[in-house]
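Keep in mind that what you see is a predicted model, and the values were worked out from it rather than measured. Numbers restart at 1 for each chain; the letters A, B, ... are given by sequence-line order, proteins then strands.
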Amino acid sequence: MSHEQDNAPRIDEAWAVQTAALAGLDIPRARLAGVVATLQRIEQLARCVNETPLSAADDPAPVWKP
Amino acid sequence: MNAVSIAADVRRGKQLASTLIARTFADIKARDARYNSFVDLTETRALSQAQRIDTAVAAGRDPGPLAGVPFAVKNLFDVTGLPTLAGSKINRDLPVARRDATLIERLEAAGAVLVGTLNMDEYAYGFSTENTHYGPTRNPHNTEHVAGGSSGGSAAAIAAGLVPLTLGSDTNGSIRVPSSFCGVWGLKPTYGRLSRGGSFPFVASLDHVGPFAGSVADLAAAYDAMQGADTLDAACTRETIDAVSPDLERGIEGLRIAQANGYFEANAEPAVVAQVKQAADALGVTRTVEIPEAARGRAAAFVITASEGGQLHLPNLKTRAHDFDPVIVDRLLAGALLPAAWYLQAQRVRRWYWNKVMQLFETVDVILAPATPRPAQRIGQETFTIRGTEMLARPNAGLLTQPISSIGLPVIAAPVGMIDGLPIGMQIIAAPWREDLCFRVARELEKRGAAAFVPAKH
């Protein structure tokens with residue numbers, strides 16, 4: 001797989017519509033392109049997050065204080 | 001006039017609070033149409049509060065350290081009798097607030113007088129205050145340009161000289177970006193330091209609240225009056241009050257101060273970096289440091305913001321998406337769809353990143369960095385360039401603030417200069433709970449003339 005393909009967005013319109021249905025959300029037709037473009041921008045940043053080399057000892061930031 | 005001087009005059013009986021507050025309203029009504037910083041005025045309650053202060057002074061009672069100081073708040077703070085709009089049309093349907101937000105209560109207990117609420121990006125999701133429902137807030141230094149956001153009204157009202165003190169919120173830069181764009185002082189305290197009680201949320205993991213002012217002493221006086229734990233905010237549990245006003249003149253001797261390079265240089269225009277360097281030079285700072293993994297810290301904040309923000313508004317997105325501001329609704333809809341694994345990984349990356357930055361703070365006390373990549377863009381401008389790369393203006397105005405709020409560090413935004421007639425700000429960053437160091441450096445910059453609030457000409 002080329003580097004370019006690695007960075008290609010995996011989120012597309014079909015993914016957005018199906019995931020929205022799971023969330024009980026009906027994305028207005030007029031907003032769909034903007035939502036997909038936004039998702040693709042977030043996907044780029046999520047890639048940076050997901051590639052961070054964490055260990056099992058790296059806890060999530062929020063700590064519940066009962 | 002600054003807050004500290006106003007309070008001194010009112011406390012001495014040299015100035016009646018009621019006269020001053022009446023004059024403040026006349027000024028707002030005469031001039032704010034140019035800036036659109038205010039949304040609601042609270043004239044009746046303000047005049048009553050001012051009269052109470054005048055009565056207290058006349059009777060020889062202490063009217064409080066901020067006696068008679070007019071202040072205004074971003075309209076996500078609860079104000080008794082008003083719906084908490086948070087820049088939205090949807091919230092007009094909510095019942096009116098039955099109690100003031102905690103910080104309003106604390107400022108009024110110190111004698112300050114609430115005069116109104118201020119414009120913002122809808123639900124605080126933006127860096128420009130180009131609000132479709134209430135109109136854009138205009139930058140008082142050049143009304144063709146944005147004021148920054150999301151606390152744009154809070155910064156513009158100070159820059160225009162309408163009030164000496166305002167409150168805003170900062171999830172990813174919403175105090176620091178408008179401070180930079182409008183040339184005012186702003187404080188984003190440590191996460192959990194100031195209570196968010198009675199404020200409309202955006203991203204619980206990242207939401208902070210704090211003051212804007214025209215001088216370091218005013219910022220400190222407001223901050224000192226607002227500290228303290230609050231059962232209305234689960235993050236605000238610190239009982240200790242670390243007053244900063246008494247140590248403002250302590251200077252910077254012995255402090256290890258450095259200018260941030262790496263990410264913070266690469267993502268700012270050269271002219272902006274030069275302004276930060278000039279401020280660093282004025283303090284005799286020669287050291288540079290790299291805040292490690294800032295890009296990942298920012299990415300984590302971005303994912304968390306999208307996810308928590310989208311989830312918070314999911315019920316209304318399902319039933320009335322058309323009532324949201326079109327400028328933000330795509331981001332909320334997208335955020336509501338993100339995989340849980342991304343969100344949880346982002347929360348773990350925050351902790352990982354925090355550990356690295358805490359190691360850096362073992363060798364340095366205060367870090368100086370640009371607050372925004374460039375000065376304010378024009379209203380309606382979709383893109384801008386940073387070092388030759390074109391990018392979307394609205395999300396990227398926070399490129400340099402997000403890595404800092406991502407892990408809740410205290411920051412003062414300092415007005416350090418002008419570029420092509422528009423202000424630019426610098427972040428003064430310290431380790432958690434060390435706002436005192438930010439204030440000492442800020443005051444020293446002010447004393448040496450390397451940072452100063454310059455009111456807009458009108």
Side-chain angles (χ1 to χ4, degrees), chain A, chain B residues 191 204-206 234-235 237 293 295-307 310-311 313-315 317-322 324 326-339 341-355 391-392 395-396 402 406-408:
Chain A
M1 191 181 278
S2 74
H3 179 70
E4 202 168 291
Q5 283 170 317
D6 276 346
N7 286 328
R10 287 168 173 79
I11 288 178
D12 58 14
E13 200 174 295
W15 185 93
V17 169
Q18 285 164 15
T19 310
L22 279 175
L25 194 56
D26 184 18
I27 301 174
R29 193 73 219 165
R31 304 244 63 101
L32 190 54
V35 171
V36 172
T38 306
L39 282 165
Q40 290 175 343
R41 279 198 297 278
I42 298 171
E43 186 186 359
Q44 291 298 321
L45 288 157
R47 195 164 285 155
C48 169
V49 168
N50 293 335
E51 286 168 355
T52 305
L54 301 182
S55 75
D58 289 307
D59 292 332
V63 176
W64 175 249
K65 287 187 237 171
Chain B
Y191 180 80
S205 295
L206 300 169
T237 56
E293 303 290 358
R296 287 189 206 270
R298 187 238 174 184
F302 206 101
V303 171
I304 291 164
T305 298
S307 188
Q311 197 278 335
H313 292 287
L314 187 55
L317 290 169
K318 285 179 181 176
T319 57
R320 50 190 302 192
H322 56 280
F324 283 83
V327 175
I328 74 151
V329 69
D330 292 356
R331 280 178 278 157
L332 288 174
L333 287 164
L337 307 182
L338 298 190
W342 292 8
Y343 174 80
L344 289 168
Q345 173 83 0
Q347 288 288 16
R348 292 175 67 208
V349 167
R350 264 176 90 206
R351 176 65 70 199
W352 172 88
Y353 167 54
W354 182 86
N355 284 333
M391 56 188 82
L392 289 172
N396 287 305
Q402 273 187 290
S406 172
I407 47 173

| note | Bottom line for B/Leu392: the part with an atom under 4.5 Å from chain A's heavy atoms is side chain
| Which answer fits A/Leu32, side chain, backbone, both or neither, if we ask what part of it has an atom under 4.5 Å from a heavy atom of chain B? | neither
| message | Counting neighbours of CG on A/Asp26 that are heavy atoms of other residues, nucleotides or ligands and sit closer than 6.0 Å, is the number greater than 12? | response | no
| field | Heavy-atom pair count under 4.5 Å with chain B, highest-scoring of A/Thr19, A/Thr52, A/Leu25, A/Leu22 | value | A/Thr52
| Measuring heavy-atom distances to chain B, does A/Glu51 have an atom under 4.5 Å in its side chain, in its backbone, in both, or in neither? | both
| Thinking salt bridges, do A/Asp58 and B/Arg348 make one under a 4.0 Å N-O criterion? | no
| query | If you look at every heavy atom in B/Gly310 and B/Leu317, which pair is closest and at what distance? | reply | O-CD1, 3.8 Å
| request: Against chain A, label B/Pro326 side chain, backbone, both or neither, depending on which of its atoms sit under 4.5 Å from a heavy atom there. | output: both
| query | Is the closest basic N to carboxylate O distance between B/Arg351 and B/Glu293 below 4.0 Å? | reply | no
| message | For B/Ile407, is there any backbone N or O sitting under 3.5 Å from a side-chain donor or acceptor partner on B/Arg350? | response | no
| field | Donor + acceptor pair across side chains of A/Thr38, B/Arg331 (<3.5 Å) | value | no
| field | Options A/Ala16, A/Gly24, A/Ala57, ranked by heavy-atom pairs under 4.5 Å with chain B, top entry | value | A/Gly24
| remark: Among A/Asn50, A/Ile11, A/Ile27, the residue with the most heavy-atom pairs under 4.5 Å to chain B is A/Asn50
| message | Only pairs of heavy atoms separated by less than 4.5 Å count here; which of B/Leu337, B/Leu333, B/Val303 has the most with chain A? | response | B/Leu337
| task | Measure B/Ala346 against the heavy atoms of chain A and call it side chain, backbone, both or neither at under 4.5 Å. | result | both
| Atom pair NE2 (B/His313) and CG (B/Leu332), whose distance is rounded to the nearest 0.5 Å | 5.5 Å
